[in-house]
Amino acid sequence: MRTVFWQDGQVKMIDQRLLPGEEVIASFPTVPEVARSINEMYVRGAPAIGATAAYGMALAARLSQAENVDALLDDLRRAKDTLDAARPTAVNLSWATTRLLTLAEEIAAAAPSSPASADNLRQALLDEAEALADEDVRINRRMGFNGAEVVPEGANLLHHCNTGSLATVDFGTALGVIYACHEQGKNIHVWVDETRPRLQGARLTAWELMRAEVPMHLIADNAAGHLMRTGQVDVVVFGADRVAANGDVANKIGTYKVAVVARENGIPVYCVAPTSTVDLDLPDGDHIPIEERGPEEVAEIGARAIAPTDVPVYNPAFDITPFRYITGIVTEEGICYPPFDQSLRAAVQRGRAAIEAERSERK
Ligand code: MRU
């Protein structure tokens with residue numbers, strides 16, 4: 001089943017807040033509700049957030065009472081603002097809303113204002129959201145098999161956060177590499193970082209890998225350094241919420257510490273992310289906005305207090321790993337190596353051309 005999908009005129013998704021205890025599908029019938037699903041992390045993971053936002057734009061078009069294209073475009077611009085504000089770090093969110101709004105503007109520029117063309121536009125946006133979701137699954141499989149090439153037979157991998165089917169429409173990014181190795185029969189084993197404070201590793205990655213029967217052990221985040229120093233990790237893999245033009249990577253808090261210790265121990269570090277996660281407009285990681293989330297994520301576990309009442313908490317949700325700690329960035333367009341400013345730009349250009357080619361084929 002897909003993590004997020006369109007059904008009966010609503011955006012539907014697995015409620016990831018309840019996993020692994022309960023598998024519940026939540027429905028979101030309005031644009032502010034879709035934004036809430038992202039902000040409150042019913043859905044999370046950069047590509048899954050992007051697909052959700054794309055369906056949010058299709059929903060905005062469907063719910064708009066506009067009778068002409070100009071009024072519909074105004075409603076879409078308002079919806080984009082609402083959706084983009086839901087979470088700041090994953091660039092896939094604004095990448096997806098921009099893609100749908102740009103398409104709407106292109107169609108509007110080519111069509112006269114009339115009720116019929118507003119309806120055509122509504123259908124075109126839903127088709128584009130569905131295409132984006134389908135494309136995510138195809139891209140993830142390509143990326144996974146690209147990354148599998150650098151994972152040796154019998155390797156022990158260390159993985160941070162959740163980057164699997166749940167973080168995407170299906171298959172995943174860094175976990176996609178692990179699934180590809182498993183499909184190839186490579187006999188790998190995965191160390192799963194629990195990933196405090198929200199425990200995406202313990203709750204989601206462990207759940208996914210156990211279902212897929214990939215050999216794994218869950219570890220406390222603090223165990224990762226020990227495992228790396230004692231030769232029990234061959235490759236580190238993680239995803240990204242945003243990659244700057246120079247190859248600096250924003251990813252789940254704790255990624256930086258893992259990458260630095262890996263470098264100290266001579267272990268290769270691969271970031272796995274689609275070209276939609278690369279933000280060529282930002283020169284380096286210092287320009288990436290880092291989300292700060294509520295104190296309860298640190299001071300409580302499962303709504304149970306683990307710290308004194310009213311303890312002051314600082315809770316940045318992401319960190320920046322400078323490009324010098326990263327061996328390669330695996331994309332659907334191949335593996336980018338340093339100098340990343342050149343290799344990433346070329347991959348993004350190929351990725352954009354592929355989307356355009358696919359769109360022309362659909363016409
Ligand atoms: O706060 P989250 O759970 O949305 O953070 C997710 C991550 O940091 C993932 O590692 C990242 O989105 C890449 S996953 C495809």
Side-chain angles (χ1 to χ4, degrees), residues 2-4 13-17 19 37-53 86-96 133 136-137 139-144 147 157-179 192-208 221 236-243 249-259 269-279 285 288-294 297-298 315-321 326 329-332:
R2 289 186 169 196
T3 298
V4 56
M13 62 190 69
I14 302 168
D15 183 349
Q16 299 192 34
R17 303 164 319 151
L19 289 171
S37 76
I38 296 170
N39 178 264
E40 294 183 6
M41 295 176 70
Y42 287 73
V43 64
R44 28 69 48 204
I49 290 172
T52 304
R87 288 190 79 188
T89 304
V91 73
N92 302 61
L93 204 176
S94 59
W95 169 83
D136 182 66
V137 185
I139 279 176
N140 293 339
R141 285 196 69 85
R142 280 226 307 279
M143 200 158 53
L157 296 105
L158 183 90
H159 176 273
H160 195 66
C161 195
N162 173 267
T163 65
S165 297
L166 291 166
T168 60
V169 178
D170 202 0
F171 201 69
T173 59
L175 268 197
V177 171
I178 287 164
Y179 289 141
V192 176
D193 271 359
E194 59 178 343
T195 317
R196 278 282 288 150
R198 282 189 74 104
L199 299 171
Q200 287 94 330
R203 294 191 305 106
L204 308 176
T205 299
W207 182 76
E208 281 197 34
D221 293 329
V236 168
V237 286
F238 50 75
D241 287 80
R242 198 183 297 225
V243 180
V249 168
N251 192 50
K252 181 51 54 193
I253 193 78
T255 303
Y256 171 54
K257 213 160 73 169
V258 168
V269 171
Y270 288 93
C271 169
V272 186
T275 54
S276 54
T277 303
V278 180
D279 187 348
I288 300 177
I290 300 292
E291 177 180 17
E292 208 183 306
R293 294 191 64 89
E297 290 186 353
V298 178
N315 182 19
F318 300 95
D319 61 24
I320 304 296
T321 300
I326 295 172
I329 300 177
V330 179
T331 76
E332 78 277 18

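These figures come from a predicted structure and were not determined experimentally. Counting starts at 1 for both ligands and their atoms, following the listed order.
Classification of R196 and E194 as a salt-bridged pair fails, no side-chain N sitting under 4.0 Å from a carboxylate O.
Donor-acceptor pairing under 3.5 Å is lacking for the side chains of Q200 and R44.
Listed by chain and residue number, V190, T205, L209, M216, L218 satisfy the side-chain contact (heavy atoms from CB on, under 4.5 Å) test with V192 (two or more places apart in sequence, or in another chain). D279 is linked by a salt bridge (charged side-chain N to carboxylate O under 4.0 Å, His left out) to R242, counting only residues two or more places apart in sequence or in another chain. Scanning for side-chain contact (heavy atoms from CB on, under 4.5 Å) contacts around A240 gives V243, V249, C271, A273, T277, with sequence neighbours left out.
In this structure, ligand 1 sits under 4.0 Å from heavy atoms belonging to M41, R44, G45, A46, P47, R87, C161, N162, T163, A167, T173, Q200, G239, A240, D241, N251, K252, F318.
Each of T3, D170, N140 was evaluated against S165; a single residue qualifies, D170, per the side chain to side chain donor-acceptor pair (under 3.5 Å) test.
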